[in-house]
Amino acid sequence: MAPRYALVPDPHGPGGRLQPLADDGGPLGPPQHAPSLAAAIAEVEAAGQPRWVFASTDSAYAPLLPVRLARSHDLRLTEPLLLGHEGRWGEPRSLGAAWARLRGLPVPTDLPESAAAEDEQDGLFAPDRLQLPPGADPLEAVVAVHAEQLRRTAAIGDPAERHRFRLLAAAESAGGLLAAEMARDGLPWRSDLHDLLLTELLGPRPQIPGTQPRRLAELSVELQQSLGGRPFNPDSHGQVLKAFAEQGIHLSSTRSWELRRVDHPAAELMIRYKELSRLHAAHGWAWQAAWARGGRFRPEYVVGGVVSGRWATRGGGALQIPRILRRAVVADPGWALVVADAAQLEPRVLAALSQDAGLARTAAEGDLYEALAATAFHGDRGKAKLGLLGAMYGQTSGDIGPLLATLRRRYPAAMGYVEAAARTGEDGGIVRSRLGRTCPPPSADWLDLTEAPETAGEAGGRSARARGRFTRNFVIQASAADWALALLAALRRRLAGLSSGADRPHLVFFQHDEVVVHAPADLADRVAGEVAAAAEEARVLVFGDTPVRFPMSTAVVDCYADAK
DNA sequence: TACAATGACACA
DNA sequence: TACGTGTGTCATTGTA
């Protein structure tokens with residue numbers, strides 16, 4: 001087992017304290033104060049890459065960057081994983097809360113998420129965000145809460161489950177390190193190309209901020225003319241529905257798929273207006289000024305921000321960037337982008353989770369849907385994909401019934417797995433991912449609705465089925481997130497092994513099942529090899545002995561848009 | 001006037 | 001063809 005060091009930066013200045021720890025988390029000798037924490041860390045890292053134990057990346061890693069830690073135990077990220085696993089959903093998760101529970105003190109409630117933004121305005125990575133009581137020693141709290149987290153982990157009864165949970169905590173912590181690094185490095189962003197794209201589609205950038213770009217203004221006028229000439233605001237759903245109704249076209253919404261079925265010139269104009277208006281509002285010049293400056297887009301990732309373990313982002317909408325804007329993501333001169341995504345990740349995860357021998361065979365290599373179609377759907381890949389996705393998401397409508405029946409007959413273990421997860425959810429139970437991330441329990445409202453006799457009929461049934469779809473999907477989505485996190489951790493370590501200087505390849509983007517690495521052009525092929533190796537490493541770590549393969553489709557490009 | 005709810009759509 | 005999971009963000013509209 002790697003040695004462990006607790007790590008607490010001084011509130012001001014470059015110094016900090018280190019505390020070597022024993023395997024059970026107990027202190028090994030007295031704490032050491034380092035006048036330069038960065039220098040002390042580099043020295044310890046060079047001697048053998050310990051696991052650094054700290055309160056949170058915000059308080060202990062981001063301020064130290066570009067200092068690099070190879071391994072960590074992030075108390076802030078591990079606490080909610082443990083609380084969830086222990087069935088203590090919703091209890092405060094700050095360091096101060098965990099400390100207070102240990103000491104029998106009043107437990108502080110968590111600060112609202114918005115507090116993070118306020119701290120940054122003050123330029124503080126404030127220790128008070130840790131929620132420790134006044135006078136408490138942060139190092140003492142870090143050491144004690146860490147030891148307690150190790151003890152709680154060791155209390156997981158089943159050895160295999162305990163082993164996987166340890167992997168989960170390590171992978172989540174590695175994700176925290178990486179998220180901080182990516183926020184600092186940023187995604188290469190060519191504002192000139194972004195500007196060119198916006199100008200092509202919307203017209204020149206408005207001189208007066210807040211005014212409508214030319215193309216949007218033109219479309220507004222064309223829309224009004226084609227709907228009788230009366231002025232209306234195309235951004236107002238109500239006014240749009242009324243304008244169409246006056247032409248005898250009665251819509252139930254302004255959704256673009258509904259508009260697409262309308263045979264009237266205004267429908268097409270409306271769809272175009274909505275597309276461009278969204279681009280302008282969500283990723284236009286204002287977005288660029290706020291988020292993509294100095295040649296880099298710097299989103300703030302929120303590790304574990306989604307209950308399934310997927311990451312979220314705060315500000316900038318990094319996980320919702322429209323594909324068209326990938327044209328602005330271009331490698332620096334002499335560098336390349338290695339873009340890799342896991343092919344058909346979720347059905348492969350289902351095959352590995354359920355150990356369905358037949359489905360595993362179709363997921364052993366190549367195109368999973370193609371193989372599924374060949375064995376069960378007379379070669380119809382479309383049907384194979386629709387059926388499998390429907391099974392994983394709990395779809396019931398449409399013409400999916402016969403497809404599900406086929407799947408149930410051919411792949412009983414896989415279908416049984418998702419259906420058992422759905423039944424657990426409908427009954428109010430909880431499910432876990434492969435590595436042990438736990439889904440939230442039902443809310444009090446849900447229990448009222450499903451258990452009260454007066455609503456046990458229709459409304460209760462609807463709620464129960466909705467929760468069944470959630471838990472059915474959770475086991476797959478969350479286990480896919482387990483795998484992706486293991487991939488990230490492995491890839492991060494492997495990239496550090498390629499080069500550590502100014503030309504080090506580094507991850508610049510991560511979106512659920514896709515990674516982008518920015519690398520010197522002459523290292524790009526080796527990076528692509530490391531991606532494949534990391535995927536294989538993640539497969540073994542998370543799923544152990546399974547015939548299922550997790551192939552990555554990888555491209556080395558100058559521009560993100562050229563990857564697919 | 002400020003905030004919440006709604007509808008819509010971007011991503012996986 | 002418009003279905004079934006999870007998000008974040010925007011503009012409009014309604015409410016406190």
Side-chain angles (χ1 to χ4, degrees), chain A residues 113-114 210 212 216 232-241 251-262 270-271 273-284 286-287 290-291 299-302 304-326 341-347 349-350 382-383 385-401 403-404 418 421-422 425 431 433 437 439-440 462 465-481 483-484 509-515 560 564:
Chain A
E113 281 301 315
S114 57
Q212 221 178 20
L216 283 179
F232 69 96
N233 178 359
D235 287 319
S236 162
H237 307 128
Q239 292 181 34
V240 169
L241 293 181
L251 301 166
S252 60
S253 76
T254 66
R255 293 192 184 109
S256 52
W257 60 259
E258 191 172 351
L259 285 166
R260 252 184 270 280
R261 292 188 307 193
V262 173
M270 193 63 223
I271 291 167
Y273 177 89
K274 280 151 66 86
E275 283 171 358
L276 293 179
S277 157
R278 180 175 175 80
L279 178 67
H280 177 242
H283 294 98
W287 177 90
W291 294 103
E300 190 184 340
Y301 292 97
V302 185
V306 180
V307 289
S308 65
R310 283 183 168 184
W311 291 13
T313 56
R314 202 165 19 225
L319 302 183
Q320 288 87 31
I321 300 231
R323 297 182 80 92
I324 190 170
L325 284 191
R326 293 182 180 187
D341 74 289
Q344 306 143 352
L345 178 57
E346 296 197 343
V349 165
L350 172 58
K383 275 189 180 173
K385 181 173 179 178
L386 204 66
L388 198 49
L389 290 176
M392 291 190 296
Y393 295 154
Q395 183 180 351
T396 51
S397 61
D399 295 329
I400 199 166
L403 305 182
L404 293 180
V418 287
V431 294
S433 74
R437 193 185 303 268
C439 83
R462 243 197 324 275
R465 283 190 299 278
R467 185 169 156 79
R469 286 192 297 275
F470 167 63
T471 50
R472 172 195 294 262
N473 187 247
F474 182 95
V475 292
I476 297 173
Q477 192 183 107
S479 300
W483 177 87
F509 194 56
F510 168 55
Q511 187 176 31
H512 312 315
D513 61 359
E514 179 175 14
V515 295
Y560 192 8
K564 236 193 319 196

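Letters A, B, ... are given to chains in the order of the sequence lines, protein chains preceding strands, and every chain is numbered from 1. Predicted model, so just to flag it, every value in this text is computed and none were measured.
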So, taking the atom named CZ in Phe509(A) and the one named CD1 in Ile321(A), what distance separates them when rounded to the nearest 0.5 Å? 6.0 Å
Taking CD from Gln511(A) and C1' from dG8(C), how many angstroms apart are they, rounded to a whole number? 12 Å
Could you give the CG-to-C1' distance, from Leu276(A) to dA8(B), as a whole number of Å? 15 Å
Scan Asn233(A) against the nucleic acid and name what it touches under 4.0 Å (heavy atoms): base, sugar-phosphate only, or nothing. sugar-phosphate
Arg314(A) has an atom CZ; how far is it from atom P of dT7(C), in whole Å? 15 Å
From CD of Glu300(A) over to P of dT9(C), roughly how many Å is that when rounded to an integer? 10 Å
Mind checking if Ile321(A) touches a base, just sugar-phosphate, or nothing, with heavy atoms under 4.0 Å? sugar-phosphate
Send over the distance from Trp287(A) CH2 to dA11(C) C1', rounded to a whole Å. 20 Å
Using a heavy-atom cut-off of 4.0 Å across all strands, would you classify Arg261(A) as base, sugar-phosphate, or nothing? sugar-phosphate
Is the phosphate of dA8(B) approached by Lys274(A) (side-chain N or O, under 4.0 Å from OP1 or OP2)? no
Base, sugar-phosphate, or nothing for Arg323(A), non-hydrogen atoms under 4.0 angstrom? sugar-phosphate
Describe the nucleic acid contact of Ser256(A) in one word from base, sugar-phosphate, nothing, applying a heavy-atom distance below 4.0 Å. sugar-phosphate
Touch check for Gly316(A), heavy atoms < 4.0 angstrom, all strands: base, sugar-phosphate only, or nothing? sugar-phosphate
Quick check on dA11(C): is either OP1 or OP2 less than 4.0 Å from any side-chain nitrogen or oxygen of Ser236(A)? no
Are any side-chain N or O atoms of Arg472(A) and backbone N or O atoms of Ala391(A), one a donor and one an acceptor, separated by less than 3.5 Å? yes
Strictly below 4.0 Å: does Arg255(A) bring a side-chain N or O up to OP1 or OP2 of dA2(C)? no
What one should report as the nearest heavy-atom pair of Thr313(A) and Ala318(A) is OG1-N, 3.5 Å
Rounded to the Å, how far apart are Arg278(A) CZ and dT12(C) P? 14 Å
Closest approach of Ala282(A) to Trp287(A) (non-hydrogen atoms, all atoms of both residues): O-CD1, 3.3 Å
Between dC11(B) atom C1' and Glu514(A) atom CD, what is the distance in whole Å? 10 Å
Side-chain atoms of Gln477(A) come closest, of dG6(C), dA10(B), dA11(C), to dG6(C)
Do the side chains of Glu258(A) and Lys274(A) get close enough for a salt bridge, i.e. N-O under 4.0 angstrom? no
Taking dG6(C), dC3(C), dG8(C) as options, the one with an atom nearest any side-chain atom of Trp257(A) is dC3(C)
Compare side-chain N and O positions of Thr313(A) against OP1 and OP2 of dG8(C) and report whether any pair is under 4.0 Å apart. no
Within the 4.0 Å heavy-atom criterion, would you say Arg469(A) contacts the bases, only the backbone, or no part of the nucleic acid? sugar-phosphate
Compare side-chain N and O positions of Arg467(A) against OP1 and OP2 of dT5(C) and report whether any pair is under 4.0 Å apart. no
Could you tell me the Watson-Crick or G-U partner of dA4(B), where both distances fall under 3.5 Å? Say none if there is no partner. dT13(C)
For Thr471(A) and Cys439(A) the tightest heavy-atom approach is CG2-SG, 4.1 Å
Under 4.0 angstrom, heavy atoms only, what part of the nucleic acid is Ser397(A) near: base, sugar-phosphate, or nothing? sugar-phosphate
Could you state the CD1-C1' distance from Ile476(A) to dG6(C), rounded to the nearest angstrom? 13 Å
Sorted by position of nearest nucleotide on DNA chain C, 5' first, the leading residue of Gln395(A) and Val307(A) is Gln395(A)
Taking only N and O in the side chain of Asn473(A), is any of them less than 4.0 Å away from OP1 or OP2 of dG4(C)? no
